Amino acid sequence: MTDEPADTELAIMEATFEAVCKHGYADVTMQDIADEFDKSKSLLHYHHHTKEELFGAFLEHLVDQYEEKLDDLVEGVDSPNERLREFVNWFTVGPEETERTSLHLALLEMRSQAQHNQKVREQFRRSDSLARAAITTLIKEGQAAGSFNPDADAAALAQLCFVTMDGARARQVTVDETGYASEVAETLLELIFEHLDAPGE
C-alpha cells in the first residue's frame with residue numbers, strides 16, 4: 001500500500017522543480033507549478049497555501065537530496081587526493097547542464113530571501129554546514145591515512161574550499177561565463193594540496 005500523502009508531496013516537489021527551472025524563482029507562480037502537477041490545482045493549494053510556504057518545503061526537500069548526494073559523492077574513490085578533487089569539481093557546472101544552471105540561479109534568488117524568511121535561512125545554513133562538514137571529513141580521513149599533513153587545519157581548509165567554489169559557481173551561472181568555476185577549482189586544488197602535502201613527501 002502506498003503512502004498517498006508522501007507520494008503527493010513528492011509529486012509537488014517534482015512539479016516545483018520543473019517549474020522553477022523553466023521560470024526562475026522570482027517569476028514562477030503557483031499556476032506554473034500547477035501546470036507541471038499531474039493532479040488538481042486545488043490539491044496543490046491544499047498541501048501548500050502560499051508560494052512562500054511551498055518554497056520553504058521545496059528547499060528542505062532539495063537539502064535532503066543534497067545530504068544524500070554528499071554521502072555518495074566520493075563512494076568508490078580510494079585516493080584521498082582524488083576524493084577531494086572529485087568533491088571540489090562537483091561544484092562546477094558544465095555548459096550542457098542547463099537544468100542544473102537554472103536551478104542554481106533559482107537558488108540564488110531564494111537565498112536573497114533568507115534574511116526575511118527563517119525557514120529559508122535555516123535550510124541554507126544547513127546546506128552550507130553539510131558541505132563544509134563533508135569536506136572537513138575528507139581532509140581528516142586523508143590525514144588519518146597519512147596522505148595529508150596532520151597539522152593542516154581541516155576545518156579552515158574546508159571553509160576555504162566551500163566558500164571559494166560556491167562563489168565561483170554563483171558567478172558563472174549569473175554572468176554566463178562558461179568554465180569559470182572549473183578554472184577556479186584547478187587553482188584552488190593546487191593551493192589546497194600544497195597545504196595538505198604530508199611531511200617528507
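On a predicted model such as this, the values are computed, not experimentally measured, just so you know. In what follows, residues are counted from 1 in the order of the sequence shown.
Between the side chain of His61 and the main chain of Ala57, no donor-acceptor pair closer than 3.5 Å is present. Under the 3.5 Å distance criterion, the side-chain polar atoms of Glu82 are left unmatched by any main-chain donor or acceptor of Val77.
Residues meeting the salt bridge (charged side-chain N to carboxylate O under 4.0 Å, His left out) test with Glu177, sequence neighbours left out: Arg171. Remark: Phe193 pairs with no residue by the ring pair (Phe, Tyr, Trp, His ring centres under 6.0 Å) rule, at least two apart or across chains. Every residue meeting the ring pair (Phe, Tyr, Trp, His ring centres under 6.0 Å) condition with Phe55, not counting sequence neighbours, appears here in chain and number order: Tyr25, Phe58. Shown here are the side-chain contact (heavy atoms from CB on, under 4.5 Å) partners of Lys22, two or more places apart in sequence or in another chain: Glu36. Remark: Glu183 pairs with no residue by the salt bridge (charged side-chain N to carboxylate O under 4.0 Å, His left out) rule, at least two apart or across chains. In this structure Asp153 satisfies the salt bridge (charged side-chain N to carboxylate O under 4.0 Å, His left out) test with no other residue, sequence neighbours excluded. For the side-chain contact (heavy atoms from CB on, under 4.5 Å) test, residues two or more places apart in sequence or in another chain that qualify with Glu99 are Phe17, Glu18, Cys21. Scored by the salt bridge (charged side-chain N to carboxylate O under 4.0 Å, His left out) test, Arg125 finds no partners at all (sequence neighbours excluded).
Looking at heavy atoms from C-beta onward, Arg169 lies in side-chain contact with Asp166 at the 4.5 angstrom threshold. Inter-residue side-chain proximity for Met165 and Val184 is flagged as met; some heavy-atom pair is nearer than 4.5 Å. The shortest side-chain heavy-atom distance between His48 and Glu9 falls under the 4.5 Å cut-off. Between Leu188 and Leu160, some side-chain heavy-atom pair lies under the 4.5 Å cut-off. Between Thr101 and His104 there is no side-chain heavy-atom pair separated by less than 4.5 Å. By the 4.5 Å heavy-atom criterion applied to side chains, Thr16 and Phe37 are not counted as neighbours. Counting heavy atoms from C-beta outward, Met13 and Leu54 have side chains that approach closer than 4.5 Å. In this structure the side chain of Leu59 reaches within 4.5 angstrom of the side chain of Met110, judged on heavy atoms.
Here the shortest heavy-atom pairing between Pro80 and Gly142 reads CB-CA, 3.8 Å. For Cys161 against Ile135, the heavy-atom pair with the smallest separation is CB-CD1, 3.9 Å. The two residues Leu70 and Ala134 have their closest heavy-atom pair at CD1-CB, 4.5 Å.
Here CG of Asn89 is found 6.0 Å from CG of Leu189. Values are rounded to the nearest 0.5 Å. Note: Phe87 CZ to Leu138 CG = 6.5 Å, rounded to the nearest 0.5 Å. To the nearest 0.5 Å, the span separating CD1 on Ile192 from CG on Leu157 amounts to 4.5 Å. Summarising the geometry, atom CD1 belonging to Ile33 is positioned 9.0 Å from atom NE2 belonging to His23; distances are rounded to the nearest 0.5 Å. Rounding to the nearest 0.5 Å gives a distance of 9.5 Å between NE2 of His49 and CE of Met30. If you take NZ on Lys39 and NE2 on His47, they are separated by 8.0 Å, rounding to the nearest 0.5 Å.
Among pairs with a residue in residues 184-196, those fulfilling salt bridge (Lys or Arg N to Asp or Glu O under 4.0 Å) read Arg85-Glu186, at least two apart in sequence or across chains. Sorted by first and then second residue, the pairs that involve residues 126-140 and meet side chain to side chain donor-acceptor pair (under 3.5 Å), not counting sequence neighbours, are Asp64-Arg126, Glu67-Arg126, Arg111-Asp128, Gln123-Arg126, Arg132-Gln159. Residue pairs meeting the side chain to side chain donor-acceptor pair (under 3.5 Å) criterion with at least one partner in residues 70-79, sequence neighbours excluded, do not occur; the list is empty.
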request  = Please report the C-alpha distance between Asn149 and Leu196 in whole Å, then the side-chain angles of each, then the deciding distance to 0.1 Å, and finally whether the side chain to side chain contact (heavy atoms under 4.5 Å, CB included) criterion is met.
outcome  = CA-CA 5 Å; Asn149 185 346; Leu196 289 176; 5.6 Å; no
message = What verdict does the ring-ring contact (aromatic ring centres under 6.0 Å, His included) test give for Trp90 and Tyr66, after you've listed the backbone C-alpha separation in whole Å, the side-chain angles of each residue and the deciding distance to 0.1 Å?
response = CA-CA 12 Å; Trp90 178 61; Tyr66 182 63; 5.5 Å; yes
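Heavy atoms of other residues, nucleotides or ligands lying less than 6.0 angstrom from CD of Gln31 number more than 12. In Glu52, the CD atom is not crowded: 12 or fewer heavy atoms of neighbouring residues, nucleotides or ligands sit closer than 6.0 Å. Other residues, nucleotides and ligands contribute over 12 non-hydrogen atoms within 6.0 Å of the CD atom of Glu96.
Hydrophobic clustering (side-chain heavy atoms under 4.5 Å, transitive across Ile, Leu, Val, Met, Phe, Trp, Tyr) keeps Leu191 apart from Val88. At a threshold of 4.5 Å between side-chain heavy atoms, the hydrophobic network of Ile, Leu, Val, Met, Phe, Trp and Tyr places Leu62 and Phe124 in one connected group. In the hydrophobic cluster analysis, where Ile, Leu, Val, Met, Phe, Trp and Tyr join through side-chain heavy atoms closer than 4.5 angstrom, Leu44 is grouped together with Val28. At a threshold of 4.5 Å between side-chain heavy atoms, the hydrophobic network of Ile, Leu, Val, Met, Phe, Trp and Tyr places Val163 and Leu84 in one connected group. Criterion: ILVMFWY side-chain heavy atoms under 4.5 Å apart, direct or through other members. Under it, Val63 and Phe91 are part of a common hydrophobic cluster.
In the hydrophobic clustering, where aliphatic and aromatic side chains (Ile, Leu, Val, Met, Phe, Trp, Tyr) are joined below 4.5 Å either directly or transitively, Val173 groups with Leu105, Leu108.
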